[in-house]
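So the structure is just underneath, and the comments pick up after that.
Throughout, protein chains are lettered first and strands after them, A, B, ... in sequence-line order, and every chain is numbered starting at 1.
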There are 2 protein chains.
Amino acid sequence: MAIDNPNRVDERVRRSKQAVMAATFGLLTEAGLGGVSVDEVSRRSGVAKTTIYRHWPTRAALLLDACSQLTARPEAPDTGSVAGDLAALAESIADRLTGRWSSVLPSVIDAAERDPELAALHARLHDEMMAAFHEVVGRAQAKGELPKDVAASDLIGAIMGPLFYRRWFSREPLTREAARTIADRALRGL
Amino acid sequence: MAIDNPNRVDERVRRSKQAVMAATFGLLTEAGLGGVSVDEVSRRSGVAKTTIYRHWPTRAALLLDACSQLTARPEAPDTGSVAGDLAALAESIADRLTGRWSSVLPSVIDAAERDPELAALHARLHDEMMAAFHEVVGRAQAKGELPKDVAASDLIGAIMGPLFYRRWFSREPLTREAARTIADRALRGL
DNA sequence: CAATAACGATACGATACCGTATCGTATATC
DNA sequence: GATATACGATACGGTATCGTATCGTTATTG
């Protein structure tokens with residue numbers, strides 16, 4: 001038989017999957033979720049459509065898999081003060097929102113509005129993104145730097161919200177400076 | 001000839017257009033921009049596809065027209081204080097974000113990410129939505145209730161952002177009470 | 001080197017769309 | 001009531017898509 005060690009993966013499979021994923025990501029950022037077709041992924045990746053369907057049972061599975069790997073959870077900074085930590089986090093989020101991947105997000109949100117599977121994915125990505133915030137806020141509350149009765153989610157919303165707003169509504173430049181100001185005001189608003 | 005007075009519109013045309021628009025709106029809220037097909041609109045409205053194409057040259061035109069009529073610009077409240085005005089505005093926005101139409105917005109944002117025509121539409125809708133805010137802020141600044149050096153757009157973002165965030169990210173209930181709190185904190189953050 | 005598994009190319013059936021064309025029918029206007 | 005106009009039904013051509021089937025070719029593994 002070909003495979004004795006089940007941990008060993010065929011190099012051909014690895015390459016195919018990787019090429020397909022790369023092409024899918026590219027299409028995703030360019031055309032959004034709705035703009036990804038298996039045929040086009042096949043063309044771009046140079047991987048035969050047949051082969052794609054060998055690894056993903058359906059288009060939805062491919063998209064879901066691709067989106068799942070968008071994970072880029074920010075690490076919780078530790079500058080010594082809540083204000084510093086939150087500013088740093090806001091900067092890091094701002095970076096993400098100016099990056100290439102950010103254009104996929106509206107797509108996901110739109111789809112999540114109706115597709116429960118994508119809604120779950122969106123929730124998961126959101127949770128991962130928020131983990132650092134919760135860590136920072138929890139630490140500050142433990143140190144007495146923040147009152148224990150403020151809901152972390154409110155503070156997070158007061159920072160994330162304006163960032164998103166700038167990116168998708170007012171369309172003002174999303175600089176790191178702007179991010180710091182937003183974090184600062186959110187903290188003062190409590 | 002049939003029409004001497006150019007202001008008089010054929011009743012048949014009026015009815016057709018109205019039925020098509022109604023069906024389009026329904027589909028929009030259910031399926032988003034991408035889910036609206038002319039054939040389905042025809043089925044739902046009972047208006048022949050041929051007739052639809054008599055009034056709208058293309059699918060895109062139909063969608064654009066439908067979205068244009070989403071306009072529901074809030075009126076600027078006048079409670080006597082900025083705090084009251086902003087809270088009232090926040091409530092009014094929250095109402096909108098819990099209504100049926102809100103599910104169309106992600107669709108529009110997603111499309112605007114790539115389609116310049118929809119981007120323009122989105123910008124226009126946004127401007128209309130913001131008019132009341134600018135009025136309130138301008139009034140407050142004239143009265144000296146707000147410092148003149150705060151950018152209105154920052155304040156608006158500090159209110160709208162968290163509202164949007166609740167609706168599409170944290171998915172916490174978007175109550176009027178929550179809206180008031182958000183407005184309040186935004187004001188304090190300045 | 002032989003067997004096994006993955007791959008590519010191609011074709012296919014089934015849908016769902018868009019937008020146009022034709023033509024007979026109903027209806028508003030004069 | 002006559003005429004112009006809008007409408008509905010139907011069919012069509014063209015394209016894009018999904019997902020499957022077939023089969024010869026290539027690469028990996030033992």
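Between A/Asp10 atom CG and C/dA3 atom P the separation is 19 Å, expressed in whole Å. Taking atom CG on A/Asp39 and atom C1' on C/dG8, their separation rounds to 15 Å, with Å as the unit. Remark: C1' of C/dG19 and CZ of B/Arg59 are 13 Å apart, rounded to the nearest angstrom. Per the geometry, CD1 belonging to B/Ile52 stands 9 Å off P belonging to D/dG8, to the nearest Å. The separation between B/Trp56 atom CH2 and D/dA6 atom C1' is 14 Å, rounded to whole Å. Distance CG (B/Leu63) to P (C/dC17): 13 Å, rounded to an integer number of Å. Rounded to whole Å, the distance from NZ on B/Lys49 to P on C/dC23 is 19 Å.
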Problem set entry | Chi angles and distances behind the ring-ring contact (aromatic ring centres under 6.0 Å, His included) call for B/Phe169, A/Phe164 | CA-CA 10 Å; B/Phe169 289 86; A/Phe164 287 136; 4.2 Å; yes
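Side-chain polar atoms of B/Ser81 and B/Glu145 form no donor-acceptor pair below 3.5 angstrom. Between the side chains of B/Thr175 and B/Glu177, no donor-acceptor pair is found at a separation under 3.5 Å.
Proximity note for A/Tyr53 (side chain, C-beta onward) versus D/dC7, D/dT28, D/dT20: the nearest is D/dT20. In this structure, of D/dT28, D/dC7, C/dA28, it is D/dT28 that holds the atom nearest to the side chain of A/Arg15. Comparing D/dT28, C/dC7, C/dC18 against the side chain of A/Thr51 picks out C/dC7 as the nearest. You'll find that the side chain of A/Arg54 is closest to D/dC23, out of D/dC23, D/dG8, D/dT28. Nearest nucleotide to the B/Val47 side chain, out of D/dC18, D/dG8, D/dA6: D/dG8.
Interface remark: the A/Arg12 side chain does not form any donor-acceptor pair with the C/dG8 base, using a distance-only criterion of under 3.5 Å.
Rounded to 10 degrees, the angle separating the terminal axes of the helix from C/dC1-D/dG30 to C/dC30-D/dG1 is 30°, with each axis obtained from five end pairs.
Among the heavy atoms of the strands lying under 4.0 Å from B/Gly46 are primed sugar atoms or P, OP1, OP2 only; no base atom is included.
Of the charged side-chain nitrogens involved, none lies within less than 4.0 Å of a carboxylate oxygen, so that A/Arg100 and A/Glu30 do not count as a salt-bridged pair.
Proximity of B/Thr58 to the phosphate of C/dG19: a side-chain N or O atom is located under 4.0 Å from OP1 or OP2. Checking the phosphate oxygens (OP1, OP2) of C/dC7, a side-chain nitrogen or oxygen of A/His55 falls inside 4.0 Å.
B/Thr71 places a side-chain N or O within donor-acceptor distance of the main-chain N or O of B/Ser68, the cut-off being under 3.5 Å. No side-chain donor-acceptor contact under 3.5 Å links A/Arg185 to the backbone of B/Leu187. Remark: the backbone N or O of B/Thr98 is not paired with any side-chain donor or acceptor of B/Ser102 at under 3.5 angstrom.
Both B/Glu11 and B/Glu40 lie close to DNA chain C; mapped to their nearest nucleotides by heavy-atom distance, the more 5′-ward contact belongs to B/Glu40. Mapping A/Thr50 and A/Ser37 onto DNA chain D via the closest heavy atom, the residue that lands nearer the 5' end is A/Ser37.
Taking 4.5 Å as the limit, every side-chain heavy atom of A/Ser42 sits out of range of all side-chain heavy atoms of A/Val47.
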